[in-house]
Visitor: 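Sharing a structure below in structure tokens format, with a few things to ask.
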Amino acid sequence: MPNVTMTVNGKTMSGNVEPRTLLVEFLRETLGLTGTHVGCDTSQCGCCVVHVNGDGIKSCTILAVQCDGAEVKTIEGVANGDTLHPMQEAFREHHGLQCGYCTPGMVMSALDLVKHNKNPSEQQIREWLEGNLCRCTGYHNIVKAIKAGAEAMAKARP
Amino acid sequence: MTARMIGDPVRRKEDLRFLTGKGHYTDDINRPGQVYAVFVRSPHAHAEIKSIATKRAAGAPGVVAVYTGADLIKAGLGTLPCGWGVKNKDGSPMAEPPHPVLASGKVRHVGDPVAVVVADSKAAAEEAAELIEVTYNALPSVTAVDAAVKAGAPQLHAEAKNNISYDWHIGDKTATDAAFARAAHVTTLDIVNNRLVPNAMEPRAYIGDYDRATGEHTLFTTSQNPHAIRLLMGAFVLHVPEHKLRVVAPDVGGGFGSKIFHYAEEAAVTWAATQLGRPVKWTAERSESFMSDAHGRDHVTHAELALDKDGKFISLRVSTLADLGAYLSTFAPAVPTYLYATLLAGTYTTPAIYAEVKGVFTNTVPVDAYRGAGRPEASYLVERLVDKAASELKVDPAELRRKNFIPKDAYPYQTPVALAYDSGDYFSTLDLALKAADYSGFNKRRDDAKKRGKLRGIGLATYIEACGVAPSAVAGALGARAGLYEVAEVRVNPTGSITVFTGTHSHGQGHETTFAQVVAERLGIPVDQVQVAHGDTAQTPFGMGTYGSRSLPVGGSALVKALDKIEAKGKKIAAHLLEAAEADIEFQNGKFTVAGTDKSKSFGEIALAAYIPHNYPLETLEPGLDETAYYDPKNFTFPSGAHIAEVEIDPDTGTVELVNMTAADDFGRIVNPMIVEGQVHGGLAQGIGQALFEECRYDSESGQLVTGSFMDYRMPRAGDLPSFAVETHATLCTHNPLGVKGCGEAGAIGAPGAVMNAVLNALSQLGVSNLDMPASPERVWRAINDRRAAA
């Protein structure tokens, strides 16, 4: 079995995997990072979004071996110790989550959006979330949270 | 910090773990020595199983065991029980064919499980499952209710003649028919309520475990009601007594009804773990969710509404075929009967109602409760009828509704279909909604849209739902095979903090926060001094779980009763410590005070005295301050409201854009308005999804599930929906201590009628008068073009 090594949330992690192992399986099963979820098998739901080399990606669509040497960030690596990231804080403040299952993917996708667009409009947020399904919130508060999170991130920037 | 109380939008206690990836969902759990189950499922809608060859699979690398239906029968397992019995018109019991854990003899829907492979890894189990050879003799299938009851239709069960489980009715047929005979106007409607797939984002997952040393079985499950699963699975399927069976439903990623029921895979993994002495894990793939999670709705209905010359509703006659799928799921019989036809009075004074419902088997996934469960079907039917009547009589739909609303001073109001509404004010919620939606300004917006080539429509629906299930004796008389009370245990810790154990279950609703607010308000302590535990039968007393918007009305009431007991005992302790008469002790803001004095003890001091009883009336009072209370509701609760949708349709493409969505609801007292709004938003999205996007389809020839993934089942996405305008107006529930009514299902109940009435209002400009859900671009385009071709 090939060995893969990647930097996950700032730490070097490695493991032996079958070549067919998906990144999400490596994260969840090998590394025990169960914050990244699987909600479908067709890359439709976005529960598994993580960042690979700074870009949002559905971790069910990429093999672990393709990420050998990559920088990976998961939901577990977003907060600064006990301090929530402004985007996480915005989700809490605006009730942007209910059952919590789609939430990690939503937060990772939202951070990816802000990387591309520092001040997204409601419409731009709704379009960006095309690849993330939520069954609980009707998206109303997720959209509000992402807008507020983006604004808080802009303020936090020096 | 100061205590946060009822009515405050307290931020949720559960969010920190969910936002940092530290939730504990079933699939996140792994047990030492765990093996993995994969189910082999029927590719046929209907077939005889001639043989199952398992030898190659059993010998495949990593395989630990292979089981078929024959193995389970040999082991003496029972079949999956149904929790509600409905009677036929003549009083005879419904046909209740067995629902085997693994199919034996016959398969009855695509996805019906026939074998299970257990292996060291999921991949090994999947590969071995491919090696199982099942020889089928394919039979003709039927996947639609209207076809299933026709003469000569394929028959699913020997026990159910003409595929009918029951032929049930409610109401006064004679009075109803008599009113039609004197009607000034009759509005008739043939209507389909489309089949939906619940699609909680977390797929179902189970881990069975068995400790040979103690004989204890454990099931980790994505369930809304772990105690009910323990009872159903233990008593009826595995024959394991409750004290040897622990069921844990940890964090659960949404349910919407689909995770109420006892499923085959739960029993299979728990049983397999017992055989193997190793934990057995199964997690559904999304495609399995589509073909094995209980579906929702699926009615075909003919209805007639009779009006007098003044536009008053005088009679309603309804005939419904309700699809039950291939087997009776746990609560399936109740949904299209007692949760549907009892709601046909809606918000109106219609004095005579008669409804008959046939529950029908088809070669499809079993149908059971999905958010709203029966009530969306009733509301949608009634509100479409009312709008059609308004259109035929050329009166304003809001005005026609007002004319027929139950008056504000008429409560308690007895409907002709069993329910007695305790409170409500449909006029105020309607007015709120009309104002928030700028109903009076609509004509201008329609004219503006017309200039842009768009058809703009507005539609409203008022609804009522019966929630807070349920008074046990009433439910029992109607066929429920369970009590529907709720329980709360309040553990007072020696330093005055609180742990609540509730029999309800949170899978997104935020009980850990809402219930803590109820305790904080009552005991005058901060919310963060209250911990709410749920979901583990080893911890919580026997409660019935969460569905039917029952958690706060029923579970919250049990909690209040337990707090009553704590206050009463605390007064006795305080009287002793303060050397006063018990009758003189008052409890307020966390303090026990001797009335008219400044002598007082804090709640914390009383708790400490209860657990360190050095100075304590031990001769007359037990130490400790824990209390448990059970609450059986006196009636259902009746949330109600008015929803208004506004749409724009592109007549060239048939695309419907939902421009505005307004909800004005009466949920009684609101404990946490932030959470309540969130519940409304989610319900609205599911209701809008049903109206505009979602439809579970089967191929009528092959019986194949055509919409089997998110690629072809159209879930609502962020870009499909507008922001919602949500208003509330409270009339309190009169019979529970919090005055609460429940808010979880409202959006899904009111929205479909409002959206479809808006779509039809828009299409009426082209003369289209009827359309079934979902109003997809294809369907709308066809309706427009059929009309144009006819004209």
Side-chain angles (χ1 to χ4, degrees), chain A residues 18 20-21 25 28-29 32-45 47 74-79 84-85 87-89 91-105 107 122-123 125-144, chain B residues 9 11-12 14-25 27-30 123 198-203 251-256 283 285-287 289 506-510 674-675 677-686 688 709-711 715-724 726 747:
Chain A
E18 285 191 56
R20 62 182 165 186
T21 304
E25 293 168 341
R28 288 181 58 82
E29 309 296 334
L33 293 169
T34 55
T36 302
H37 298 150
V38 178
C40 73
D41 316 295
T42 50
S43 302
Q44 299 283 301
C45 78
C47 292
T74 71
I75 190 68
E76 286 93 341
V78 173
L84 290 180
H85 185 282
M87 186 59 77
Q88 291 170 311
E89 191 54 51
F91 268 71
R92 199 181 84 88
E93 180 61 25
H94 295 279
H95 190 29
L97 65 155
Q98 291 183 26
C99 80
Y101 199 79
C102 75
T103 308
V107 171
E122 177 182 337
Q123 199 47 43
I125 295 168
R126 287 185 180 277
E127 282 164 19
W128 182 267
L129 293 180
E130 186 196 26
N132 291 81
L133 291 175
C134 169
R135 196 57 152 166
C136 293
T137 64
Y139 307 99
H140 181 109
N141 284 342
I142 290 177
V143 173
K144 252 168 77 179
Chain B
R11 298 308 186 259
R12 298 202 318 169
E14 38 276 88
D15 287 357
L16 186 63
R17 67 177 188 272
F18 293 145
L19 280 164
T20 53
K22 303 290 186 198
H24 278 285
Y25 301 90
D27 190 57
D28 300 342
I29 297 168
N30 292 295
N199 277 323
M201 292 316 300
E202 178 204 27
D251 287 327
V252 173
F256 315 112
T283 303
E285 297 191 343
R286 180 56 62 181
S287 55
S289 308
S506 178
H507 27 281
Q509 297 91 337
M674 177 190 80
I675 287 177
E677 281 184 24
Q679 290 292 309
V680 174
H681 297 156
L684 289 174
Q686 289 180 4
I688 294 161
S709 78
F710 287 146
M711 312 269 273
M715 292 276 278
R717 292 174 185 269
D720 298 323
L721 303 172
S723 280
F724 307 125
V726 174

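Residue numbers begin at 1 in each chain, while the letters A, B, ... track the order of the sequences. The structure presented is a predicted model; accordingly, all values stated were derived computationally and were not measured.
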Visitor: CD of A:E130: more than 12 outside heavy atoms within 6.0 angstrom?
Guide: no
Visitor: First locate atom CG of B:D27, then atom NE2 of A:H37, and finally report the distance between them rounded to the nearest 0.5 Å.
Guide: 9.0 Å
Visitor: Is a side-chain N or O of B:R286 found less than 3.5 angstrom from the main chain of A:G39, in a donor-acceptor match?
Guide: yes
Visitor: If you apply the rule side chain to side chain contact (heavy atoms under 4.5 Å, CB included), what do you find for B:E677 with A:N141, and how did you get there?
Guide: CA-CA 9 Å; B:E677 281 184 24; A:N141 284 342; 5.6 Å; no
Visitor: Answer with side chain, backbone, both or neither: which region of A:V78 has an atom nearer than 4.5 Å to a non-hydrogen atom of chain B?
Guide: neither
Visitor: Under 4.5 Å heavy-atom distance to chain B, tell me which part of A:L97 shows up: side chain, backbone, both or neither.
Guide: both
Visitor: What orientation do B:H681 and A:H140 show, parallel under 30°, tilted 30 to 60°, or perpendicular over 60°?
Guide: parallel
Visitor: To the nearest 0.5 Å, what is the distance between CD on A:Q98 and CD on B:Q679?
Guide: 5.0 Å
Visitor: Go through A:T42, A:T74, A:V143 and name the one with the most non-hydrogen pairs under 4.5 angstrom from chain B.
Guide: A:T42
Visitor: Could you tell me which of B:A200, B:G682, B:G23, B:G254 has the largest number of non-hydrogen atom pairs under 4.5 Å with chain A?
Guide: B:G682
Visitor: What part of B:L16 gets within 4.5 angstrom of chain A, counting heavy atoms only: side chain, backbone, both, or neither?
Guide: side chain
Visitor: Heavy-atom cut-off 4.5 Å, strictly under: side chain, backbone, both or neither for B:F710 against chain A?
Guide: both
Visitor: Using heavy-atom distances under 4.5 Å, tell me whether A:E89 contacts chain B through its side chain, its backbone, both, or neither.
Guide: neither
Visitor: Donor-acceptor pair, B:E285 side chain versus A:D41 backbone, under 3.5 Å?
Guide: no
Visitor: Identify which of B:G678, B:G508, B:A718 forms the greatest number of heavy-atom pairs closer than 4.5 Å to chain A.
Guide: B:A718
Visitor: For each of B:N199, B:I688, B:T283, tally heavy-atom pairs with chain A at distances under 4.5 Å, and name the one with the top tally.
Guide: B:N199
Visitor: Would a distance-only check, ignoring hydrogens and angles, find a side-chain to backbone donor-acceptor pair under 3.5 Å from A:R126 to B:L721?
Guide: yes
Visitor: Quick one: which of B:H507, B:E202, B:M674 has the most heavy-atom pairs under 4.5 Å with chain A, could you say?
Guide: B:E202
Visitor: Let me confirm one number: the SG-CD distance from A:C136 to B:Q686, rounded to the nearest 0.5 Å.
Guide: 8.0 Å
Visitor: Rounded to the nearest 0.5 Å, how far does CD of A:E127 lie from CZ of B:R717?
Guide: 13.5 Å
Visitor: Is B:Q509 in contact with chain A via its backbone, its side chain, both, or neither, using a 4.5 Å heavy-atom distance?
Guide: neither
Visitor: Name the option with the most non-hydrogen atom pairs under 4.5 Å to chain A; the candidates are B:G719, B:S723, B:G21.
Guide: B:S723
Visitor: Output the option from B:G747, B:G253, B:A685 having the highest count of non-hydrogen pairs under 4.5 Å with chain A.
Guide: B:G253
Visitor: Measure A:C40 against the heavy atoms of chain B and call it side chain, backbone, both or neither at under 4.5 Å.
Guide: both
Visitor: Side chain, backbone, both or neither: which part of B:D720 has a heavy atom under 4.5 Å from chain A?
Guide: neither
Visitor: Does any N or O in the side chain of A:Y139 come within less than 3.5 Å of the main-chain N or O of B:P716, such that one atom is a donor and the other an acceptor?
Guide: yes
Visitor: Can you name the closest pair of heavy atoms from B:Y25 and A:Y101 and give their distance?
Guide: OH-N, 3.4 Å
Visitor: With a 4.5 angstrom heavy-atom cut-off, which part of B:V252 approaches chain A: side chain, backbone, both or neither?
Guide: backbone
Visitor: With rounding to the nearest 0.5 Å, note down the distance linking CE in A:M87 to CG in B:L19.
Guide: 11.5 Å
Visitor: Where the side chain of A:R135 meets the backbone of B:M201, is there a donor-acceptor pair that is under 3.5 Å apart?
Guide: no
Visitor: Heavy-atom cut-off 4.5 Å, strictly under: side chain, backbone, both or neither for A:T137 against chain B?
Guide: backbone
Visitor: About how many Å separate NE2 of A:H94 and CZ of B:R11, when rounded to the nearest 0.5 Å?
Guide: 7.5 Å
Visitor: Starting from the C-alpha separation in whole Å, work towards a yes-or-no answer on side chain to side chain contact (heavy atoms under 4.5 Å, CB included) for A:R28 and B:D28.
Guide: CA-CA 8 Å; A:R28 288 181 58 82; B:D28 300 342; 2.8 Å; yes
